[in-house]
Amino acid sequence: MHYTTKILSHQGGRHNNQDYADNATTGKYSCWVVADGLGGHAGGEIASRLAVDTVLKAFAEDPGLEEERIAKWLVRAQEAVTLKQSEEPLLSSMRTTLVLLAADDHAARWAHVGDSRLYMFRSGQLVFQTRDHSVSQALADSGQIKPSEIRFHEDRSRLLRTLGNDNDFRPVINNELQEIQADDAFLLCTDGFWEYVLETEMETDWSAAPRPEQWLERMEKRLLSKVDGDNDNYTVLAVLCSQGKTPDKGQSKVKVQEPATTWRLFNK
């Protein structure tokens, strides 16, 4: 299977960007990671970058798709963030969400903690999306609100699980490998993206965009038409699957800005 990766990350209406995304390929395996940091004194930027870099380093050292292996990558990231917290008191409150996708030539597995999402598309149709670890998602799961109301709910930014705190570090790892077919596509994104781009719009723009960069451009245009200039950072990583023997190591990305002082704790 051949993988084409495109990444878009922007500060939105904020002074700095606390999102971070990257990917790596080792042998027959590939891994993609997106994180949305939160915390004061530049902690958000540090937490997200540290978590992504640590996961990709752990992946490179021990690649594979086993559930236990991926759990070890996430524990490494958790340990890296909590160690940084203990070393620098000003960063003690930093946390981050994280969503990852790992794949070989035939199958994939994913994991997430927080409200950064993974979407899977097949034949242009959405076939799977992760469920947020948030108050609004819990309300939807219990039937108190409709799933369509999550992105507009007043508690949508209250997170129940994050990376960086032992009490709420409870990532969910897909317990079954997902077979990959040619023309499958994945989106990994932060809440600053999916709050404005509806799932039906993702499908519509994918059908009209043969290349991943065009897909991201169309969705970003939609996002920008809906915001008022004070919107959150937004990051989206697209992975397109096609027939081929080796993954495409190339990528196109808007670089995430260097850390700047701001703060954002569990209410993002």
Visitor: What heavy-atom pair brings P212 and T4 nearest, and what distance separates the two atoms?
Guide: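 In this case the closest contact between P212 and T4 is CG-CG2, 3.8 Å.
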Visitor: Minimum heavy-atom separation for G12 and N231, please, with both atom names.
Guide: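 Closest heavy-atom pair between G12 and N231: CA-ND2, 3.7 Å.
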Visitor: Begin with the C-alpha distance, continue with both residues' side-chain angles, and end with the deciding distance and a verdict on side chain to side chain contact (heavy atoms under 4.5 Å, CB included) for R76 and V55.
Guide: CA-CA 7 Å; R76 284 268 299 273; V55 165; over 6 Å; no
Visitor: I need the minimum non-hydrogen distance between T162 and L159, along with the two atoms involved.
Guide: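 The pair with the smallest heavy-atom distance is CG2-CD1, 3.8 Å.
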Visitor: Hey, is the main chain of D132 close enough, under 3.5 Å, to the side chain of Q137 for a donor-acceptor pair?
Guide: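 Yes, because the side chain of Q137 sits within donor-acceptor range (under 3.5 Å) of the backbone of D132.
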Visitor: Do L118 and F186 come within less than 4.5 Å of each other through their side chains, counting heavy atoms only?
Guide: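 SC-SC contact between L118 and F186 confirmed.
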Visitor: Rounded to the nearest 0.5 Å, what's the gap from SG on C189 to CG on L8? Could you check?
Guide: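 The SG atom of C189 sits 11.0 Å away from the CG atom of L8.
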Visitor: Please determine whether salt bridge (Lys or Arg N to Asp or Glu O under 4.0 Å) holds for the pair K72 and D62, giving the CA-CA distance in whole Å, both sets of side-chain angles, and the decisive distance to 0.1 Å.
Guide: CA-CA 9 Å; K72 290 179 181 179; D62 187 25; 5.3 Å; no
Visitor: Working to the nearest 0.5 angstrom, can you tell me the gap between L177 CG and R109 CZ?
Guide: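 So the CG of L177 and the CZ of R109 are separated by 4.0 Å.
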Visitor: Less than 4.5 Å apart, side chain to side chain, heavy atoms only: is that true for R161 and V172?
Guide: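 R161 reaches V172 side chain to side chain.
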Visitor: Checking side-chain polar atoms at under 3.5 Å, does Y234 have a donor or acceptor matched by the opposite partner on E220?
Guide: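 A donor-acceptor contact under 3.5 Å links the two side chains.
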Visitor: Using a 4.5 Å cut-off on heavy atoms from C-beta on, say whether the side chain of M94 contacts that of V81.
Guide: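 V81 vs M94: side chains touch.
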Visitor: Where do N233 and S9 land on the side chain to side chain contact (heavy atoms under 4.5 Å, CB included) test, with the steps shown first?
Guide: CA-CA 8 Å; N233 315 144; S9 187; over 6 Å; no
Visitor: Could you go through L100 and L74, starting from their C-alpha distance and side-chain angles, then the distance that decides it, and tell me whether this counts as side chain to side chain contact (heavy atoms under 4.5 Å, CB included)?
Guide: CA-CA 10 Å; L100 73 83; L74 293 168; 3.8 Å; yes
Visitor: Examine the side chains of S123 and Q125 and answer whether a donor and an acceptor come within less than 3.5 Å of each other.
Guide: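 Side-chain D/A pair, S123 to Q125: absent.
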Visitor: Out of curiosity, D19 CG to S116 OG, how far, rounded to the nearest 0.5 Å?
Guide: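 The distance works out to 7.0 Å.
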Visitor: Quick one: CG on N174 to NE2 on H112, what's the gap to the nearest 0.5 Å?
Guide: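 So the CG of N174 and the NE2 of H112 are separated by 10.5 Å.
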Visitor: Going by atom types alone, do D115 and S134 pair a side-chain donor with an acceptor below 3.5 Å?
Guide: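 No, no side-chain donor-acceptor contact under 3.5 Å.
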Visitor: Do the side chains of R95 and Q85 get nearer than 4.5 Å, heavy atoms only?
Guide: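 Yes - at least one pair of side-chain heavy atoms lies under 4.5 Å apart.
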Visitor: Considering only NZ, NE, NH1 and NH2 on the basic side and carboxylate oxygens on the acidic side, decide whether E201 and K226 come within less than 4.0 Å.
Guide: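 A salt bridge is present here (some side-chain N lies under 4.0 Å from a carboxylate O).
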Visitor: Return a table of donor-acceptor pairs under 3.5 angstrom between the side chains of residues 145-153 and protein atoms on other chains or two or more places apart.
Guide:
{"unit_1": "E149", "atom_1": "OE1", "unit_2": "K146", "atom_2": "N", "d": "2.7"}
{"unit_1": "R151", "atom_1": "NE", "unit_2": "W194", "atom_2": "O", "d": "3.0"}
{"unit_1": "R151", "atom_1": "NH1", "unit_2": "E199", "atom_2": "OE1", "d": "3.2"}
{"unit_1": "R151", "atom_1": "NH2", "unit_2": "W194", "atom_2": "O", "d": "2.6"}
{"unit_1": "R151", "atom_1": "NH2", "unit_2": "V197", "atom_2": "O", "d": "3.3"}
{"unit_1": "R151", "atom_1": "NH2", "unit_2": "E199", "atom_2": "OE2", "d": "3.2"}
{"unit_1": "H153", "atom_1": "ND1", "unit_2": "D155", "atom_2": "N", "d": "3.0"}

Visitor: Hey, mind stepping through R122 and E179 against salt bridge (Lys or Arg N to Asp or Glu O under 4.0 Å) and telling me if it holds?
Guide: CA-CA 11 Å; R122 174 160 290 170; E179 181 183 358; over 6 Å; no
Visitor: Rounded to the nearest 0.5 Å, how far apart are CD1 of I180 and CE of M120?
Guide: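 The CD1 atom of I180 sits 7.0 Å away from the CE atom of M120.
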Visitor: Are F169 and L98 connected in the hydrophobic side-chain network, where two residues link if heavy atoms are under 4.5 Å apart?
Guide: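 Both belong to a single hydrophobic cluster.
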Visitor: Apply salt bridge (Lys or Arg N to Asp or Glu O under 4.0 Å) to the pair K221 and E217, showing each step before the final yes or no.
Guide: CA-CA 6 Å; K221 185 176 180 179; E217 288 169 0; over 6 Å; no
Visitor: Centroid-to-centroid, W215 to F121, below 6.0 Å?
Guide: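 Yes, the ring of W215 comes within the 6.0 Å limit of the ring of F121, centre to centre.
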Visitor: Is it the case that atom CG in D141 sees more than 12 heavy atoms from other parts of the structure closer than 6.0 Å?
Guide: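 Counting other residues, nucleotides and ligands, CG of D141 exceeds 12 neighbours.
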Visitor: Under 4.5 Å between any side-chain heavy atoms of R170 and V113, yes or no?
Guide: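 R170 vs V113: side chains apart.
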Visitor: Kindly say whether R14 contributes a backbone atom to a donor-acceptor pair with the side chain of Q11 at under 3.5 angstrom?
Guide: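 Yes, the answer is positive, given that a donor and an acceptor are paired below the 3.5 Å cut-off.
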Visitor: Identify whether F128 and L237 are in the same connected component of the hydrophobic contact network (ILVMFWY, side-chain heavy atoms under 4.5 Å).
Guide: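 Shared cluster, yes.
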Visitor: Same hydrophobic cluster for L90 and L83, using side-chain heavy-atom links shorter than 4.5 Å among ILVMFWY?
Guide: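 No; tracing contacts between hydrophobic side chains, which count when under 4.5 Å, never links both residues.
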Visitor: Write down the atom of A21, the atom of I7, and the distance for their closest heavy-atom approach.
Guide: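 That closest heavy-atom pairing would be CB-CG2, 3.9 Å.
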Visitor: Less than 4.5 Å apart, side chain to side chain, heavy atoms only: is that true for I46 and L91?
Guide: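 A side-chain contact exists here, since the closest heavy-atom pair is under 4.5 Å.
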Visitor: Any idea which heavy atoms bring T54 and A80 closest together, and the distance?
Guide: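 Looking at all heavy atoms of both residues, the shortest contact is OG1-CB, 3.5 Å.
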Visitor: Are any non-hydrogen side-chain atoms of D22 and L56 less than 4.5 angstrom apart?
Guide: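 Touching, per the 4.5 Å side-chain cut-off.
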Visitor: Consider only side-chain heavy atoms of I, L, V, M, F, W and Y, link residues closer than 4.5 Å, and tell whether Y119 and L198 are in one cluster.
Guide: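 Looking at the clustering, L198 is in a separate group from Y119.
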Visitor: For the NE2 atom of H15 and the CD atom of Q18, what is their distance to the nearest 0.5 Å?
Guide: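 The distance works out to 12.0 Å.
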Visitor: Whether the D36 and T190 side chains hold a donor-acceptor pair (N or O, under 3.5 Å, no angle test) is what I'd like checked.
Guide: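 Absent: no donor and acceptor within the cut-off.
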Visitor: So for atom CZ, which belongs to R131, do other residues, nucleotides or ligands contribute more than 12 heavy atoms lying within a distance under 6.0 Å?
Guide: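 No, because the 6.0 Å sphere around CZ of R131 holds 12 heavy atoms or fewer from other groups.
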Visitor: Check whether E203 reaches the backbone of L126 with its side chain - one donor and one acceptor, N or O, closer than 3.5 Å.
Guide: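 Indeed, once roles are kept as given, a pair shorter than 3.5 Å links the two residues.
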Visitor: If we count only N and O atoms by modelled type, under 3.5 Å, do the side chains of D166 and Q78 hold a donor and an acceptor together?
Guide: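 Judged by distance alone, the side chains do pair up.
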Visitor: If only atom types and distance count, is the side chain of D184 paired as donor or acceptor with the main-chain N or O of Q181 below 3.5 Å?
Guide: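 Answer holds: yes.
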Visitor: For a 4.5 angstrom cut-off between non-hydrogen side-chain atoms, does Y3 reach C241?
Guide: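 Heavy-atom side-chain distance check passes, below 4.5 Å.
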Visitor: What closest approach, in Å, do W110 and L101 show between heavy atoms, and which atom pair accounts for it?
Guide: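 Where W110 meets L101 most closely, the heavy atoms are CE3-CD1, 3.9 Å.
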Visitor: When F59 is tested against each of W32, Y29, W73 for ring-ring contact (aromatic ring centres under 6.0 Å, His included), which residue passes?
Guide: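 For F59, the ring-ring contact (aromatic ring centres under 6.0 Å, His included) test succeeds with only one of W32, Y29, W73, which is W73.
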Visitor: Under the side chain to side chain contact (heavy atoms under 4.5 Å, CB included) rule, what do V236 and L188 come out as? Steps first, then yes or no, please.
Guide: CA-CA 6 Å; V236 57; L188 284 68; over 6 Å; no
Visitor: Going by atom types only, do S30 and T25 share a side-chain donor-acceptor pair under 3.5 Å?
Guide: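 There is such a pair between these side chains.
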Visitor: Hey, is CD on E87 packed in by over 12 heavy atoms from elsewhere, all under 6.0 Å?
Guide: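 Yes, the 6.0 Å shell around CD holds more than 12 heavy atoms from other groups.
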